[in-house]
There are 2 protein chains.
Amino acid sequence: MNDFLLIFKALADRNRLRIMAALLQYDELCACQLTELLGVAGATSSRHLAQLQNSGLIQGRKKGRWVFYSMVEELPYDFPLTWLQDKLLSTKDIVEDDKKRLATIMTESPENICRRQRGEEFGDAGEFKK
Amino acid sequence: MNDFLLIFKALADRNRLRIMAALLQYDELCACQLTELLGVAGATSSRHLAQLQNSGLIQGRKKGRWVFYSMVEELPYDFPLTWLQDKLLSTKDIVEDDKKRLATIMTESPENICRRQRGEEFGDAGEFKK
DNA sequence: TACATGTTTAGCTATATGACTAAATATAAT
DNA sequence: ATTATATTTAGTCATATAGCTAAACATGTA
């Protein structure tokens, strides 16, 4: 298949761009933190992460039960990450709200995030529109 | 809506990347030449061109009955066109065959291409209308 | 061992996308 | 004006994609 095309397909989704923006701000984030950021089901966020990983842009590092994701250092096709970072982080409608959400998420332990996600699997406080 | 995302969506399709590659090799190409290159229905290629144009990467110039497409000079979000050109034109499975096809197409007049396309609307072999 | 927990995979559904044909539009030629 | 022609839009269909829940997997803990 076509690796070059995979890069654009990986970036052609709003939630995956949000993941990229998050990983461009923090060296490493675990799956549950990114799930919390996106506000989607864990399975959904996992699929997005798999697609980004498959494109060669991000990598996952397993540490016990957690998987920490980060940008790949040696990017495929010399992908211009600096440009992406510059534009992504200054594009309001994608990451502005996420910056605050991320800051909050980083103050919590992954354990607490995961615990809350488990608890919220069914009916949280109605904040589940989509 | 999100313009930045539109760029990646525009590039997340093999046929649209083929169009980009073609326009990175030739200053201007008319719709029928690009249709001929892709080997799809004229309507299909027209929709791809519209999407690329809507993303801000290419532009169309009307000249009589023909519409000539070309890259936009002032690209949105400082899109790194040099990088795209470099990688796209050296990625075999996308453009290698197209380079020869394009060279052939350029030896013909748009009129002939359009005439053949009309004739080939139904079944390409043997259907010699007029 | 058994259980708990973080993540992924499987299976499903709704929407988005890309392909086609036919009709509509815009412009040139007669 | 009428016809021809290049392109776009409308309408349809099949496939791809993104979301969900539930089950499976992998690993830590009792």
| Does A:Lys9 place a side-chain N or O at less than 4.0 Å from the phosphate oxygens OP1/OP2 of D:dT17? | yes
| request: Send over the distance from A:Asn54 CG to D:dT17 P, rounded to a whole Å. | output: 12 Å
| A:Leu5 has an atom CG; how far is it from atom P of D:dA16, in whole Å? | 13 Å
| task | May I ask you to verify if any side-chain N or O of B:Gln51 is less than 4.0 angstrom from the OP1 or OP2 atom of C:dT17? | result | no
| field | Terminal axis angle for the helix from C:dT1-D:dA30 to C:dT30-D:dA1, five pairs an end, nearest 10 degrees | value | 20°
| note | A:Arg47 meets the salt bridge (Lys or Arg N to Asp or Glu O under 4.0 Å) criterion, sequence neighbours left out, with none
| task | Name the nucleic acid region contacted by A:Arg14, choosing base, sugar-phosphate or nothing; use a 4.0 angstrom heavy-atom cut-off, strictly under. | result | nothing
| message | For the residue pair A:Gln25 / A:Gln85, report whether a side-chain donor-acceptor contact shorter than 3.5 Å exists. | response | no
| task | Check for a donor-acceptor pair, side chain of B:Ser46 on one end and backbone N or O of B:Gly42 on the other, with a separation under 3.5 Å. | result | no
| query | For A:Ala12 and A:Gly64, take the nucleotide of DNA chain D holding the closest heavy atom to each; which residue's nucleotide lies nearer the 5' end? | reply | A:Ala12
| request: Quickly work out the B:Leu6 CG to C:dA16 C1' distance and round it to whole Å. | output: 14 Å
| Should B:His48 be listed as having a side-chain N or O under 4.0 Å from OP1 or OP2 of C:dA19? | yes
| message | Between P on C:dT17 and CG on A:Asp13, what's the gap in Å once rounded to a whole number? | response | 10 Å
| For B:Asp78, what residues pass the side-chain contact (heavy atoms from CB on, under 4.5 Å) criterion, not counting sequence neighbours? | A:Trp83, A:Lys87
| request: May I ask you to decide if A:Asn112's main-chain N or O and A:Ser109's side chain share a donor-acceptor pair within less than 3.5 Å? | output: yes
| Between A:Thr104 (side chain) and A:Lys100 (backbone), is there a donor-acceptor pair under 3.5 Å? | yes
| request: May I have the distance from A:Leu52 (atom CG) to D:dA18 (atom P), rounded to whole angstrom? | output: 10 Å
| remark: Whole-Å distance, A:Arg16 CZ to D:dG19 P, equals 8 Å
| task | Could you work out the complete set of other residues in the hydrophobic cluster of A:Trp66, with links drawn between I, L, V, M, F, W and Y side chains under 4.5 Å apart? | result | A:Phe68
| message | Going by side-chain contact (heavy atoms from CB on, under 4.5 Å), name the residues that satisfy it together with A:Gln51, two or more places apart in sequence or in a different chain. | response | A:Lys9, A:Arg16
Under 3.5 Å, which N/O atoms of the protein pair with N/O atoms of nucleotides 4-10 of chain D?
| unit_1 | atom_1 | unit_2 | atom_2 | d |
| --- | --- | --- | --- | --- |
| D:dT5 | O4' | B:Arg65 | NH1 | 3.0 |
| D:dA6 | OP2 | B:Arg118 | NE | 3.3 |
| D:dA6 | OP2 | B:Arg118 | NH2 | 3.1 |
| D:dA6 | O3' | B:Arg65 | O | 3.4 |
| D:dT7 | OP1 | B:Ala31 | N | 3.3 |
| D:dT7 | OP1 | B:Val67 | N | 3.4 |
| D:dT7 | OP2 | B:Cys32 | N | 3.1 |
| D:dT8 | OP1 | B:Tyr69 | OH | 2.4 |
| D:dT8 | OP2 | B:Ser46 | OG | 2.8 |
| D:dT8 | O5' | B:Ser46 | OG | 3.2 |

| task | Flag the pair A:Glu36 and A:Arg116 as a salt bridge only when some basic side-chain nitrogen lies within less than 4.0 angstrom of an acidic carboxylate oxygen. | result | yes
| How long is the line joining NZ of B:Lys63 and C1' of C:dT27, in whole Å? | 14 Å
| message | Rounded to whole Å, please give me the gap between NZ in A:Lys62 and P in D:dG28. | response | 9 Å
